[in-house]
2 protein chains.
Amino acid sequence: MLKPDVIHLHNMNTTVIPDALKVACSNCNLRELCMPVGFNQDDMNKLDEVVATRRRVKQGSLLFSNGDPFSSLYAIRTGFFKTSVSAEDGREQVTGFQMAGEIIGLDGIVSEHHSCNAVALEDSDVCVMPFAKVEDLSREFPVLQRHVHKIMSREIVRENSVMMLLGNMRAEERLAAFLLNLVQRLHARGFSQSELVLRMTREEIGSYLGMKLETVSRTFSKFSEEGIIEVKQRYVRIITPDALKKIFNPQTCS
Amino acid sequence: MLKPDVIHLHNMNTTVIPDALKVACSNCNLRELCMPVGFNQDDMNKLDEVVATRRRVKQGSLLFSNGDPFSSLYAIRTGFFKTSVSAEDGREQVTGFQMAGEIIGLDGIVSEHHSCNAVALEDSDVCVMPFAKVEDLSREFPVLQRHVHKIMSREIVRENSVMMLLGNMRAEERLAAFLLNLVQRLHARGFSQSELVLRMTREEIGSYLGMKLETVSRTFSKFSEEGIIEVKQRYVRIITPDALKKIFNPQTCS
DNA sequence: ACAATTCTTTGACTTGCATCAAAGATTTCT
DNA sequence: AGAAATCTTTGATGCAAGTCAAAGAATTGT
């Protein structure tokens with residue numbers, strides 16, 4: 001199966017990466033996604049301190065989970081994660097899917113313990129950023145401080161729009177919004193605007209979108225029958241993006 | 001009608017309050033809710049600078065709305081707000097209800113413009129905290145910095161649990177969770193653990209919880225018939241809190 | 001390479017909540 | 001105080017998505 005945007009690292013479950021492999025933010029090709037822009041080289045070198053170590057997380061294993069003491073934020077270097085919360089009775093709600101350049105762990109700040117679970121959906125590699133260090137450097141560099149605030153605000157705004165999806169939209173609208181969002185984020189990372197390989201199961205998509213896996217599958221099939229997308233298991237090609245946009249938001253499209 | 005926890009201020013729609021009325025954080029009885037704890041008096045006096053002005057917002061009017069340029073966070077001194085996002089086709093999703101001591105406006109940081117609407121559900125009074133000043137003081141006072149981070153993280157965690165409600169719970173569970181959450185927050189402000197007066201309509205509750213106003217009304221009636229609560233329009237008394245908790249979470253209760 | 005497991009699709013049937021409708025209560029306006 | 005507007009309740013009916021079931025496809029482990 002076609003997996004154009006995957007790097008597979010076959011290692012132990014979750015390991016600290018030796019210094020030799022440590023890559024400084026200043027040289028990182030994801031810098032534009034993770035780090036504030038408009039820095040001179042001196043500042044950039046100091047900011048390299050923010051990343052203490054790197055850590056590999058094997059597919060299916062946890063980066064952190066509910067109840068774990070909070071110490072660090074994580075910037076995803078490669079790979080793909082889901083975050084979820086669980087009710088006492090075991091029901092699980094996927095709260096997000098995160099890809100390279102995105103930051104996870106913000107949930108842990110308030111109580112010093114994580115309140116959600118972060119699972120790698122493929123072998124992944126994260127930059128560990130001890131939060132105390134982030135705060136120290138934020139006090140020194142206003143542009144970093146602003147950046148951290150924006151990351152948190154962006155997450156709040158994202159969750160607002162998920163609430164809109166869950167509270168007001170129908171199954172087709174939810175799935176259309178989901179696909180458009182995923183492909184847009186992948187495109188920002190240099191991948192195709194029209195093709196993607198889903199890293200998550202139908203059940204995980206359903207959990208995120210508040211619907212059952214059967215409904216996800218049926219909705220994919222419906223889009224496919226209508227010629228809007230081509231679906232072959234995890235591979236999806238968007239044939240008519242405008243049709244998807246129209247489903248998501250009938251107003252702004254012809 | 002009984003309105004134990006309301007202060008009505010009859011003024012113009014939304015006005016800046018003259019300096020004479022300006023109340024310093026250092027003397028504010030909500031300090032424990034808004035401000036970090038463990039401050040000496042000197043620090044506290046400097047922190048008073050964070051609040052530039054106060055502003056009254058009349059019932060039904062907007063504190064800010066989608067698209068407004070972002071400049072400040074707002075700490076609610078008195079009153080009650082709802083925040084909402086709207087889709088292009090006009091559908092509205094209530095994203096939260098906020099009461100005294102809570103902070104609104106965090107959505108505006110990321111794009112320098114607000115992405116939601118904040119409407120006063122009763123005549124309200126907010127402390128205007130210019131965000132640039134919050135950031136300046138945060139760099140000077142690590143404890144304030146940490147406090148701001150916790151407020152943002154708390155909002156992320158709250159939204160995670162709303163996603164759980166919307167994605168996984170049934171109507172009765174949603175309404176039970178909603179009532180328990182409201183009464184708990186009111187209790188933390190010195191009000192009754194068992195009685196409350198709703199500040200929002202059935203439709204607004206429904207929007208927040210992803211259900212129609214008729215379903216909200218029917219669910220209230222059902223709880224009432226079962227002797228769990230007493231409802232008379234906006235007045236609600238919780239008769240058997242354990243029954244509500246059991247509906248919300250069958251596991252942790254007997 | 002084969003067996004076991006996990007994931008996906010599709011069909012048949014059920015149900016929780018939405019929709020439509022109308023009356024009654026409360027609040028707001030003049 | 002009376003009229004108008006808004007909000008709430010309740011009943012009757014419909015439907016989108018859930019549930020149950022089973023077969024087929026893909027992946028994983030040995």
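Worth knowing before you read on, the calculation uses all heavy atoms, side chains too, and leaves out hydrogens, waters and symmetry mates. This one's a predicted model, so the numbers in the text were calculated from it and none came from an experiment. Every chain is numbered from 1, with letters handed out A, B, ... down the list of sequences.
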*Can a donor-acceptor pair under 3.5 Å be found between the side-chain atoms of Glu214(B) and the base atoms of dC20(C)?*
yes

_Nearest-nucleotide pick for Ala171(A), side chain only, options being dT9(D), dT8(C), dA17(D)_ = dA17(D)

*Do Glu172(B) and dC17(C) share a donor-acceptor pair, side chain to base, under 3.5 Å?*
no

*asked:* Quick check on the 6.0 Å ring-centre criterion: do Phe64(A) and His114(A) meet it?
replied: yes

*Measure from CG on Leu175(A) to P on dT8(C) and round the result to the nearest Å.*
13 Å

_Please determine whether the number of non-hydrogen atoms from other residues, nucleotides or ligands lying under 6.0 Å from atom CD of Glu172(A) exceeds 12._
yes

For residues 161-171 of chain B, tabulate all N or O donor-acceptor pairs below 3.5 Å that involve a side-chain atom, not counting sequence neighbours.
from: Ser161(B); atom 1: OG; to: Arg158(B); atom 2: O; distance (Å): 2.9
from: Asn168(B); atom 1: ND2; to: Glu92(A); atom 2: O; distance (Å): 3.0
from: Asn168(B); atom 1: ND2; to: Gln93(A); atom 2: OE1; distance (Å): 3.0

*asked:* What's the separation between atom CD1 in Ile205(A) and atom CE in Met211(A), rounded to the nearest 0.5 Å?
replied: 8.5 Å

*asked:* Can you see if the side chain of Thr215(B) gets near the phosphate of dA18(C) - specifically, an N or O under 4.0 Å from OP1 or OP2?
replied: yes

*Figure out the CZ/P separation between Arg170(A) and dG14(D), and round it to whole Å.*
19 Å

*Round to the nearest Å and state the distance from Gln59(A) atom CD to dA26(D) atom C1'.*
13 Å

*Has Arg234(A) got a side-chain N or O lying under 4.0 Å from the OP1 or OP2 atom of dA26(D)?*
no

*asked:* Expressed as a whole number of angstroms, how long is the span from Glu204(B):CD to dC7(D):P?
replied: 8 Å

*Can you tell me the distance, in whole Å, between the NZ atom of Lys212(B) and the C1' atom of dA21(C)?*
16 Å

*Taking CG from Leu213(B) and C1' from dT10(D), how many angstroms apart are they, rounded to a whole number?*
12 Å

*Closest nucleotide among dT9(C), dT10(D), dT26(C) to the Arg202(A) side chain*: dT9(C)

*Take the protein atom NZ of Lys222(A) and the nucleotide atom P of dT8(C), then report the distance between them rounded to whole Å.*
21 Å

*Please work out if Gly210(B) contacts a base, only the sugar-phosphate, or nothing of the nucleic acid, heavy-atom cut-off 4.0 Å.*
sugar-phosphate

*Could you give the CD-to-C1' distance, from Glu203(A) to dT8(C), as a whole number of Å?*
11 Å

*Assign Thr201(B) to base, sugar-phosphate, or nothing according to its heavy-atom contacts below 4.0 angstrom with the strands shown.*
sugar-phosphate

*Hey, do the aromatic rings of Phe97(A) and Tyr208(A) have their centres closer than 6.0 Å?*
yes

*Using a heavy-atom cut-off of under 4.0 Å over every strand shown, decide if Arg218(A) touches base, sugar-phosphate, or nothing.*
base

*Nucleotide nearest Ser217(A) when distance is taken to its side chain, options dT26(C), dT10(C), dA26(D)*: dT10(C)

